[in-house]
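Right, one structure below, let's go through it.
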Amino acid sequence: MLSEKFFECLDKDGIVAIATANEEGQAHLVNTWNKYIIVTEDEKILIPCAGFHKTEKNVANNSYVEMSIGSPEVMGRNYMGAGFHLTGTAEFHSDGPLFERMHQERSFCSRIMVFTPETCRQMV
């Protein structure tokens, strides 16, 4: 599902925006950098977390997450800049093999968000 262009974005500088909703339906948005993400062989997206406390609380009540990933350094459809909109579910891990894999590369993380994409659409 994740395209070559998506992986090209991850290899360049860019920002990731992650949206969740609390129990009252209010949106919450957090950010990280493309370079911090690891994608597993089965296309789970691992995101290191040092903060993300509201996101984790929201995911505990509603695992649905939307995410955007992009980079101005990648050729998009007609011009420089490519971006993707993803939907899926997430869960948090503070131990286990996925956490250990991330912690080896991003020692600052206290836990990880494991995002399982259901859709990935190139927007620009």
Side-chain angles (χ1 to χ4, degrees):
M1 171 191 347
L2 303 177
S3 69
E4 186 176 321
K5 186 69 68 176
F6 174 85
F7 285 101
E8 191 178 342
C9 278
L10 287 184
D11 287 338
K12 303 291 184 187
D13 282 337
I15 194 164
V16 178
I18 302 163
T20 59
N22 67 16
E23 290 178 359
E24 292 78 36
Q26 295 171 319
H28 175 70
L29 190 65
V30 294
N31 298 104
T32 190
W33 301 108
N34 291 2
K35 65 183 178 181
Y36 291 159
I37 288 178
I38 294 174
V39 180
T40 66
E41 298 74 25
D42 59 349
E43 295 192 337
K44 291 194 183 296
I45 297 173
L46 309 181
I47 300 168
C49 302
F52 282 55
H53 299 291
K54 285 184 182 179
T55 302
E56 185 173 12
K57 183 178 177 184
N58 290 347
V59 165
N61 291 312
N62 178 0
S63 65
Y64 179 78
V65 173
E66 293 192 25
M67 184 182 312
S68 66
I69 296 174
S71 175
E73 299 178 13
V74 175
M75 179 58 96
R77 292 191 173 127
N78 298 312
Y79 45 85
M80 284 304 290
F84 293 83
H85 177 247
L86 296 92
T87 63
T89 58
E91 58 189 26
F92 280 75
H93 295 235
S94 58
D95 58 15
L98 295 176
F99 173 78
E100 293 302 324
R101 179 177 176 183
M102 176 59 78
H103 197 261
Q104 286 178 1
E105 293 189 37
R106 311 285 182 238
S107 62
F108 64 83
C109 69
S110 58
R111 29 209 222 297
I112 61 170
M113 186 175 91
V114 179
F115 177 78
T116 303
E118 295 170 4
T119 67
C120 179
R121 197 172 84 190
Q122 185 173 350
M123 302 302 289
V124 293

Distance in Å, Ile47 CD1 paired with Ile38 CD1, rounded so as to fall on 0.5 Å steps: 11.0 Å
Verdict with reasoning, Glu91 to His93, per side chain to side chain donor-acceptor pair (under 3.5 Å): CA-CA 7 Å; Glu91 58 189 26; His93 295 235; 2.8 Å; yes
Heavy-atom donor-acceptor pair, Glu43 side chain to Met1 backbone, under 3.5 Å: yes
Remaining members of the apolar cluster that contains Tyr79, side-chain heavy atoms under 4.5 Å: Val124
hydrophobic_cluster_shared for Val59 and Val114, side chain cutoff 4.5 Å: no
Note, Met113 side chain near Met102 side chain (heavy atom, < 4.5 Å): no
Over all atoms of both residues, closest heavy-atom pair of Asn58 and His28: ND2-CB, 3.6 Å
Linked, directly or transitively: Tyr64 and Leu86 (ILVMFWY side chains, under 4.5 Å): no
Heavy-atom pair of closest approach, residues Glu118 and Thr89: OE2-CG2, 3.6 Å
Side chains of Thr87 and Thr119, donor plus acceptor under 3.5 Å: yes
Test item: Ile15 and Trp33 side chains (from C-beta on) under 4.5 Å apart, heavy atoms: yes
Side-chain heavy-atom pair Val16, Asn34 within 4.5 angstrom cut-off: yes
Asp95 side, atom CG; Arg111 side, atom CZ - distance, nearest 0.5 Å: 12.5 Å
Validation row: Phe84, Ser3 side chains within 4.5 angstrom (heavy atoms): yes
Heavy-atom pair with the smallest gap, counting every atom of Ser94 and Ser110: CB-O, 3.9 Å
CD on Gln104 to CZ on Phe99, rounded to 0.5 Å: 10.5 Å
Atom pair CD1 (Ile112) and CZ (Arg106), whose distance is rounded to the nearest 0.5 Å: 12.5 Å
Cationic N near anionic O, under 4.0 Å, Lys35 to Glu73: no
same_hphob_cluster(Leu2, Phe115) at 4.5 Å side-chain heavy-atom cutoff: yes
Under 3.5 Å donor-acceptor, Lys5 side chain and Met75 backbone: yes
Crowding at CZ, Arg77 (>12 non-hydrogen neighbours, <6.0 Å): yes
Taking every non-hydrogen atom, the tightest pair across Pro48 and Cys109: CB-CB, 3.6 Å
Common cluster, Ile37/Phe52, ILVMFWY with side-chain heavy-atom separation under 4.5 Å: yes
OG1 on Thr20 to CG on Asn61, rounded to 0.5 Å: 10.0 Å
Thr116 side chain to Lys44 backbone, donor-acceptor under 3.5 Å: no
Over 12 foreign heavy atoms within 6.0 Å of CD, Glu4: no
Ile45 side, atom CD1; Ile18 side, atom CD1 - distance, nearest 0.5 Å: 9.5 Å
ILVMFWY network linking Leu46 to Met67, side-chain heavy atoms under 4.5 angstrom: no
